[in-house]
Amino acid sequence: MRRTHYCGELGLQQVGDEVVLNGWVHRRRDHGGVIFVDLRDRSGWVQLVFNPDRPEAFRVADTLRSEYVLEVRGRVVERAPELVNPKIPTGAVEVVPREVTVLAQAEPSPVPVAEEDEEVDEVVRLRYRYLDLRRPAMVERLALRHRVTQAIRRYLDDQGFWEVETPMLTRSTPEGARDFLVPSRVTPGRFYALPQSPQLFKQLLMVAGVDRYYQIARCFRDEDLRADRQPEFTQVDLEMSFPDPEDVMAVTEGLLGEALRSAGAPVPPYIPRLTWAEAMERFGSDKPDLRFALEIRDLSAAVADCSFGVFRTALERGGRVRGITAPGLAGATRRELEELTELATAAGAGGLAWLAFGPEGVRSPVAKFFTPEQLERLREGSRANSGDLLLLVADRDQVASPVLGRLRGELARRLELVPSDAMAFVWVTDFPLLEYDQEERRLVAMHHPFTAPREEDLARLETEPLAVRARAYDLVLNGVELGGGSIRIHRPDLQRRIFALIGMSPAEAADKFGFLLEAFRHGAPPHGGIALGLDRLVMLLGKAASIREVIAFPKTARGNCPLTEAPAVVSQAQLRELHLKLPEPGRRS
RNA sequence: GGAGGCGUGGUGUAGCUGGUCUAACAUAUGUGCCUGUCACGCACAAGAUCGCGGGUUCGAAUCCCGUCGCCUCCGCCA
């Protein structure tokens with residue numbers, strides 16, 4: 001017997017046909033004289049009806065239990081009108097089995113496969129992921145991811161991109177995230193690293209003349225996890241030769257359009273753009289959530305002559321006073337205001353000033369420092385109406401912007417300004433090439449050290465390095481960084497200047513990236529590309545609460561896999577082969 | 001590394017201002033009944049020493065401390 005149909009495919013077109021189905025017992029309803037079994041596969045389920053007039057099949061039906069695996073030969077029949085179940089796609093028909101074989105029995109499932117809305121503990125779900133993945137919601141997520149991935153492959157193939165695989169065992173590189181290391185058996189004391197991204201290899205492929213490359217690439221970063229972060233994750237990684245940023249963005253938008261279409265999501269007619277400076281100024285974030293407005297406003301001028309010391313000091317020290325107006329929040333309780341203040345200080349602000357505009361005037365702990373005219377200027381400048389709450393932060397932009405950005409997000413949540421079904425894409429461009437790392441007390445690359453500076457800023461590279469803008473672009477969706485890319489440096493001399501700026505000596509550069517610098521001496525084309533987080537994209541398209549929902553076998557927040565119990569202890573013999581020695585047990589620090 | 005939350009039959013929850021809690025409910029499971037259900041129904045049964053360790057108390061699921069696991073956030077993630 002060979003399967004003829006998937007369960008979920010059956011409908012009125014098959015009425016009268018004899019079909020062979022394979023699937024799992026989704027539910028069994030035993031009425032004594034008649035037994036119904038919902039037979040499920042990845043396509044959905046269809047009802048089997050067993051009557052005593054077919055004693056052989058009926059006897060088997062009697063022994064069936066949830067999640068048994070069956071092979072069924074039977075006839076598709078139309079249901080009487082009053083028996084149609086409009087809730088399922090196959091509800092107009094049912095299958096009358098002539099022959100039923102139990103291919104596998106099943107113990108009672110720890111994961112309720114048929115109970116759709118049962119929230120099951122995530123560890124249990126991960127421990128028995130193969131059962132969890134049988135649940136229709138998870139099947140749909142796997143299918144969605146598949147469709148999106150295939151749409152991307154098709155599109156990039158159409159655009160002339162070649163899919164090339166790059167090594168998973170490579171070398172550790174400085175900068176960036178912590179590497180996962182793999183000890184070498186053959187060369188004692190040496191280690192491979194799992195790639196944080198195929199960055200260097202795709203650049204080498206450009207030098208090789210591949211011209212257009214892509215890869216659905218697994219990446220590894222040994223950093224702490226989040227709802228949208230896993231230690232291994234998948235990027236749609238692409239690179240092209242001789243591009244402008246416009247070319248990369250155009251390809252990305254085309255790819256995204258296909259991905260959205262494949263997911264049944266509306267495709268935006270265009271994707272707006274913000275420079276990094278504008279994003280920070282208006283939204284306090286380099287990945288602004290544009291599903292809601294709530295913009296930051298500069299009120300420095302309005303408070304310039306007030307008598308509030310904190311503001312005056314901030315202004316004198318080159319800072320500004322900026323604020324956000326929260327509509328309708330003038331009635332905020334002391335507790336709510338404390339929470340917002342706590343949020344602001346935790347984000348780095350010295351404090352948070354607030355003014356509640358009401359019909360009887362202004363309620364604020366700092367109102368006494370302002371004349372009525374100044375208060376009116378503030379209200380006007382902040383566009384606040386009666387009933388609104390104005391939150392003010394006074395500090396250098398570097399400190400104040402992220403604080404205001406945090407507040408903006410928090411206010412949007414509290415005011416429920418975030419439309420749940422909106423998809424707000426935005427490009428953020430012109431990132432600073434470098435930033436100052438307080439901890440390491442040196443300049444570091446904001447994106448990565450291979451990012452090209454803008455031509456017109458080149459002259460300022462050594463004199464005003466923090467003012468130099470990069471030819472970089474990030475794609476943001478709903479406040480989540482979906483991906484980022486840049487035009488790369490392809491000239492060895494410029495690459496060496498950048499390495500020097502971030503404090504990497506020529507010797508170190510030669511040691512760590514010598515192969516790349518050498519490649520650039522052999523005719524490197526100008527090139528650039530982008531990498532998109534596939535898991536995040538699918539997560540957002542699938543309205544999933546975490547990235548784990550769209551990964552077949554994800555890790556927990558501590559990086560464990562409850563199913564395989566990785567990471568696990570290995571034998572002394574294995575360690576010896578790898579020339580590794582662990583500290584005595586009990587001395588783990 | 002830091003902060004917060006959660007942990008009770010297979011699963012999901014209630015109980016958690018200490019004492020008929022000898023732990024309840026739903027669901028799943030087992031048995032029986034039932035010929036049109038589709039989250040089938042009805043009846044009966046079995047199933048948890050309340051994550052683990054310690055402490056307080058005459059008495060702890062309940063209070064305290066520690067610890068483990070999970071989740072969220074901050075740091076970190078070029």
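First the proteins, then the strands, lettered A, B, ... as listed; each starts at 1.
The ring of A:His31 lies on top of the base of B:C40, close enough and flat enough: under 5.5 Å between centres, under 30° between planes.
Classification of A:Glu116 and A:Arg135 as a salt-bridged pair fails, no side-chain N sitting under 4.0 Å from a carboxylate O. For the pair A:Glu239 and A:Arg488, the salt-bridge criterion is met [side-chain N within less than 4.0 Å of a carboxylate O]. Note on A:Glu410 versus A:Arg413: salt bridge recorded, some NZ/NE/NH1/NH2 to OD/OE distance being below 4.0 Å. Contact check on A:Asp132 versus A:Arg129 returns a salt bridge, with a Lys/Arg side-chain nitrogen under 4.0 Å from an Asp/Glu carboxylate oxygen. Between A:Arg454 and A:Asp430 there is a salt bridge, since at least one side-chain N of the basic residue sits less than 4.0 Å from a carboxylate O of the acidic one.
Spacing of P atoms, B:U31 relative to B:A39, comes out at 24 Å, to the nearest Å. Atom name P, nucleotides B:C65 and B:U29: the rounded distance is 42 Å, in whole Å. Comparing the same atom, P, in B:U20 and in B:G1 gives a spacing of 42 Å after rounding to whole Å. Distance check on atom C1': B:C50 versus B:A14 gives 12 Å, rounded to whole Å. The same atom, C1', is picked in B:U62 and in B:A23; the two are 12 Å apart, to the nearest Å.
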All N/O pairs under 3.5 Å across the protein-nucleotides 26-33 of chain B interface:
{"from": "B:G30", "atom 1": "OP1", "to": "A:Arg65", "atom 2": "NE", "distance (Å)": "2.7"}

Taking only N/O atoms, report every protein-nucleotides 69-71 of chain B pair under 3.5 Å with atom names and distance.
{"from": "B:G69", "atom 1": "OP1", "to": "A:Arg558", "atom 2": "NH1", "distance (Å)": "2.9"}
{"from": "B:G69", "atom 1": "OP2", "to": "A:Arg558", "atom 2": "NH1", "distance (Å)": "2.9"}
{"from": "B:C70", "atom 1": "OP1", "to": "A:Thr556", "atom 2": "OG1", "distance (Å)": "2.9"}
{"from": "B:C70", "atom 1": "OP1", "to": "A:Asn560", "atom 2": "ND2", "distance (Å)": "3.0"}
{"from": "B:C71", "atom 1": "OP1", "to": "A:Ala557", "atom 2": "N", "distance (Å)": "3.3"}
{"from": "B:C71", "atom 1": "OP2", "to": "A:Ala557", "atom 2": "N", "distance (Å)": "2.7"}
{"from": "B:C71", "atom 1": "O3'", "to": "A:Arg548", "atom 2": "NH2", "distance (Å)": "3.1"}

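Residue pairs meeting the salt bridge (Lys or Arg N to Asp or Glu O under 4.0 Å) criterion with at least one partner in residues 498-510 of chain A, sequence neighbours excluded, are A:Glu508-A:Lys512.
Across all strands shown, B:C70 forms a Watson-Crick or G-U wobble pair with B:G5, both key distances being under 3.5 Å.
Of the listed nucleotides (B:A39, B:U37, B:U35), B:U37 has the atom at the smallest distance from the side chain of A:Leu83. The side chain of A:Pro52 sits closest to B:U35 out of B:G12, B:U37, B:U35.
In this entry the distance linking CG of A:Asp437 with C1' of B:G75 reads 13 Å, nearest Å. Regarding A:Glu116, its CD atom lies at a distance of 15 Å from the C1' atom of B:G12, rounded to whole Å. Atom P of nucleotide B:G12 and atom CZ of A:Arg125 are separated by 11 Å, given to the nearest angstrom. We find that CD of A:Glu410 is positioned 11 Å from C1' of B:C73, with the value rounded to whole Å.
Checked by atom type, the side-chain pair A:Tyr436/A:Gln438 shows no donor-acceptor distance below 3.5 Å. Looking at A:Gln215 and A:Thr166, their side chains do bring a donor and an acceptor atom within 3.5 Å of each other.
A:Arg221 contributes no side-chain N or O that forms a donor-acceptor pair with the base of B:C76 under 3.5 Å. Side-chain to base pairing of A:Glu223 with B:G75: no donor and acceptor N or O lie closer than 3.5 Å to each other. Side-chain atoms of A:Arg229 and base atoms of B:C77 include a donor and an acceptor less than 3.5 Å apart.
Within the 3.5 Å criterion, the main-chain N or O of A:Lys87 finds a donor-acceptor partner in the side chain of A:Asn85.
Within 4.0 Å (heavy atoms only), A:Glu119 reaches sugar-phosphate atoms of the nucleic acid but no base atom. Residue-level contact check: A:Glu481 touches neither bases nor backbone, having no heavy atom under 4.0 Å from any strand. Within the 4.0 angstrom heavy-atom criterion, no nucleotide atom of any strand lies near A:Ala346. Contacts of A:Val120 with the nucleic acid, taken as non-hydrogen atoms under 4.0 Å apart, involve only primed sugar atoms and P, OP1 or OP2.
Within 6.0 Å of CZ on A:Arg291 lie more than 12 heavy atoms contributed by other residues, nucleotides or ligands.
Take the nearest nucleotide of RNA chain B for A:Gly176 and for A:Ile88: the residue whose nucleotide is more 5' is A:Ile88.
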